[in-house]
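Presented below is the structure to which this report refers.
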Amino acid sequence: MFDSLSEKLQGTLAGVRQRGALTEDDINKAMREIRLALLEADVNFKVVKQFTSSVKERALGIEITKQLNPGQQVIKIVNEELTALMGGQSAGITFSPRPPTVILMAGLQGSGKTTATAKLAKLLSEQNGSSVAVAACDVYRPAAVDQLIKVGAQAGATVYERGTDADPVDIAGWALDQAKRDGKDVLIVDTSGRLHVDQALMAELANIKKRVRPHVVLLVVDAMTGQDAVNVAEQFAEVAQFDGVILSKLDGDARGGAALSVKAVTGKPILFASTGEKLGDFEKFHPDRMAQRILGM
Amino acid sequence: TLFEGDLDEETWERLEEALIYADVGAATTAQVVEELEREAEDGNLVGGEALSNRLAELLAQLARTGDDKIDLRPDPTVILVVGVNGTGKTTTIGKLAWHLRNTLQLQVVVGAADTFRAAAVEQLERWGERAGVDVVKGPEGSDPGAVAFDAIARGRERGADVIIIDTAGRLHTQTNLMDELTKVRRVISKQMPDAPHETLMTVDATTGQNGVRQAKLFGEAVGVTGIILTKLDGTAKGGIALAIANELNIPVKLIGIGEQLEDLRPFDPDDFAKALLTA
Ligand SMILES: Nc1nc2c(ncn2[C@@H]2O[C@H](COP(=O)(O)OP(=O)(O)OP(=O)(O)O)[C@@H](O)[C@H]2O)c(=O)[nH]1
Ligand SMILES: Nc1nc2c(ncn2[C@@H]2O[C@H](COP(=O)(O)OP(=O)(O)OP(=O)(O)O)[C@@H](O)[C@H]2O)c(=O)[nH]1
Ligand SMILES: [K+]
Ligand SMILES: [Mg+2]
Ligand SMILES: [Mg+2]
């Protein structure tokens, strides 16, 4: 679908080897290609600006070597910078010494929270042998509770639900009491989808957080998200101070620039990749693979 | 306004950024900027205010593709709703059914052909109750084509004016699931030669450049006749719908602006164009 950036850069910088040095003009041309590739991958344009200026700085220092042609050298820098930006502390879920470890899920409508709740429950119970419960705090979306009852059971988790008449904050608090009483290792709190600009629902999220004092707050972000990803991430970071991100729907062919945008503006790591509708389609996130994917390499 | 004073290099850069920021995408953005630059060079466009006006006009013109009305004359009108996961198919069907029934006093039957996702049928049933329309469902895990068939048969028996078929969300890259959708469409056409009369695809307004691929591949699989642009109540502008209209000639027909029954609107290219560039 996309010409690989690497090919384009080698084309752009083809004449350089004979001349023996990169000029500012060469670099600007290369930066234009990089900029376009990142924008086509949905990286936020402000993030792209910052990124290309740091790549440019390093590229200006390039010395032409025999081993790598200029195109390859620029690609190498882009790759390193991108991997550094995507990576950083490759943390996982840190368990509380005093169980239950409480994990709060948040995100926009339809991003994949409920599915990810069940996937994470399955992963933690299979890999760590934890006993996991999930709490149904979405009282708004029709049949959201039924959905969590089903996928929670498939994941082998206990589902704490009180239908749709109770208040989500109260359900969350009640579920935490249940989890303590039942001696659960982990409680994952599923919440309803909400827009980052919906003040009432964002306040509700803050209140759920206050009530259950989660050890980990996770933002679920759809890999197909465009430029708006930074607005969403900034608002959720402010209201819910999330610790990490689950990137969903990575099984498609979206380049997933949203991952870079979210990481760049919040500094929070992407912890898990959700790669399908089945509960097993869930894995640890690999920053280096994501960097390659964003670049179409 | 976004543009003031003389039209210079910086103006074109700002314009480009604004369009990219709205998810319009590189190709359509370049086309718009080139067109306006040419008009400015020819002396037909002078000053920021003229640019703003002409820009809104041009964007609306690009968004206005083909027939953006839903024709309800076929009796019954069959509408198939498709799209990638979580984009708003089921919710939109609830709102649309309610609108048809309450504003136009039409008889509506809805088919629950998402037999895959956990509680998808229950979700549609709740919407059916809210909208006051009948929902036809099959046993869990049953064939979606069979449910679509039943919904149309039952709809015709009951003299329904409109029959709307919900389908499971799927990524356009999942060949087997796309084939399944083609089969659903074929089942419908066999039963009623000119149906489905509309095949609407939901696109989430927050979607980035992948939206064009989605529309292209769903279009190839089932012949998409219109886009429903959902979740426009957030800060995302839905510019990808402009790229879809411009590059694939598929019109936007409806927009979703919330999660309540009344949060569905006809698409207005002029409003859309104006909103695209306001902060
Ligand atoms: N292909 C694919 N589909 C996914 C993935 N994760 C979730 N989905 C699908 O996306 C749709 C929405 O998922 P949900 O888990 O219901 O999303 P949600 O965030 O809980 O939605 P709301 O509660 O309505 O805000 C469903 O059709 C899921 O099956 C994924 O990684 N890949
Ligand atoms: N804010 C807002 N939310 C919406 C809108 N349309 C749908 N939603 C929400 O988006 C989420 C997903 O909607 P669904 O109708 O379940 O989407 P779907 O395409 O049927 O999902 P799958 O069947 O799982 O593929 C739900 O939480 C809806 O309430 C809209 O216009 N605005
Ligand atoms: K047009
Ligand atoms: Mg949910
Ligand atoms: Mg649905």
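Chain identifiers are assigned alphabetically (A, B, ...) following the order of the sequence lines, protein sequences preceding nucleic acid strands; residue numbering begins at 1 within each chain.
Counting heavy atoms of neighbouring residues, nucleotides and ligands inside a 6.0 Å radius, atom NZ of K253(B) exceeds 12 of them. For CD of Q199(A), the number of neighbouring non-hydrogen atoms (other residues, nucleotides, ligands) closer than 6.0 Å is 12 at most. Counted within 6.0 Å of CG on D165(A), heavy atoms from surrounding residues, nucleotides or ligands total 12 or fewer; the atom is thus considered open. Within 6.0 Å of the CD atom in E10(B), the count of heavy atoms belonging to other residues, nucleotides or ligands does not exceed 12.
Taking each heavy atom of G252(A) and T173(B) in turn, the nearest pair found is CA-OG1, 3.7 Å. Taking all atoms of both residues into account, the shortest heavy-atom contact from R126(B) to P142(A) is CB-CB, 3.5 Å. Scanning all heavy atoms of the two residues, the minimum distance from R130(B) to Y140(A) falls at NH2-O, 3.9 Å. Shown here for V197(A) and G234(B), the closest heavy-atom pair between the two residues is CG2-CA, 4.2 Å.
D23(B) places a side-chain N or O within 3.5 Å of a backbone atom of Q227(A) that can act as its donor or acceptor partner.
Residue contact with chain B, scored on non-hydrogen atoms closer than 4.5 Å, involves the side chain of L108(A) exclusively. Contact annotation for A236(B): both backbone and side-chain heavy atoms come within less than 4.5 Å of a heavy atom of chain A. Of the atoms belonging to D146(A), heavy atoms from both backbone and side chain fall under 4.5 Å from chain B. Interface remark: R35(A) contributes side-chain atoms only to the contact with chain B (heavy atom separation under 4.5 Å). In this structure, chain B has a heavy atom under 4.5 Å from the side chain of L36(A), while its backbone stays farther away. Looking at V121(B), neither its backbone nor its side chain comes within 4.5 Å of chain A, counting heavy atoms on both sides. Contact of Q260(B) with chain A is not made at all, since no heavy-atom distance falls under 4.5 Å. K113(A) does not touch chain B: none of its heavy atoms, backbone or side chain, sits under 4.5 Å away. Within the 4.5 angstrom heavy-atom criterion, atoms from both the backbone and the side chain of D251(A) approach chain B.
With sequence neighbours left out, F272(B) forms a ring pair (Phe, Tyr, Trp, His ring centres under 6.0 Å) with F267(B). With sequence neighbours left out, E277(A) forms a salt bridge (charged side-chain N to carboxylate O under 4.0 Å, His left out) with no residue at all.
Looking at R141(A) and Q123(B), their side chains do bring a donor and an acceptor atom within 3.5 Å of each other.
With respect to chain A, the highest number of heavy-atom pairs below 4.5 Å among E125(B), Q174(B), E129(B), R117(B) belongs to R117(B). Counting heavy-atom pairs closer than 4.5 Å to chain B, the top residue among D198(A), N231(A), T114(A), L148(A) is N231(A). Of the listed residues (I149(A), L195(A), V151(A), V145(A)), the one with the most heavy-atom contacts under 4.5 Å to chain B is L195(A). When each of A258(A), G226(A), G257(A) is checked for heavy-atom pairs under 4.5 Å with chain B, G226(A) comes out on top.
Between the OG atom of S111(A) and the CG atom of D204(B) there is a distance of 9.5 Å, given to the nearest 0.5 Å. Atoms CG and CD1, on D42(A) and I240(B) in that order, are 7.5 Å from each other to the nearest 0.5 Å. Interatomic distance, L171(B) CG to K249(A) NZ, rounded to the nearest 0.5 Å: 8.0 Å.
For the pair K150(A) and E122(B), the minimum side-chain heavy-atom distance is below 4.5 Å. For the pair M224(A) and R213(B), the minimum side-chain heavy-atom distance is 4.5 Å or more. Looking only at side-chain heavy atoms (C-beta outward), T206(B) and D222(A) stay at 4.5 Å or farther from each other. Within the 4.5 Å cutoff, the side chain of Q109(A) has heavy atoms near those of the K231(B) side chain. Contact of the T225(A) side chain with the T207(B) side chain is not registered, since no non-hydrogen atoms from C-beta on lie closer than 4.5 Å.
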Go through the steps for E17(B) and K49(A) under the test salt bridge (charged side-chain N to carboxylate O under 4.0 Å, His left out), then give the verdict.
CA-CA 11 Å; E17(B) 269 177 8; K49(A) 259 190 188 165; 2.8 Å; yes
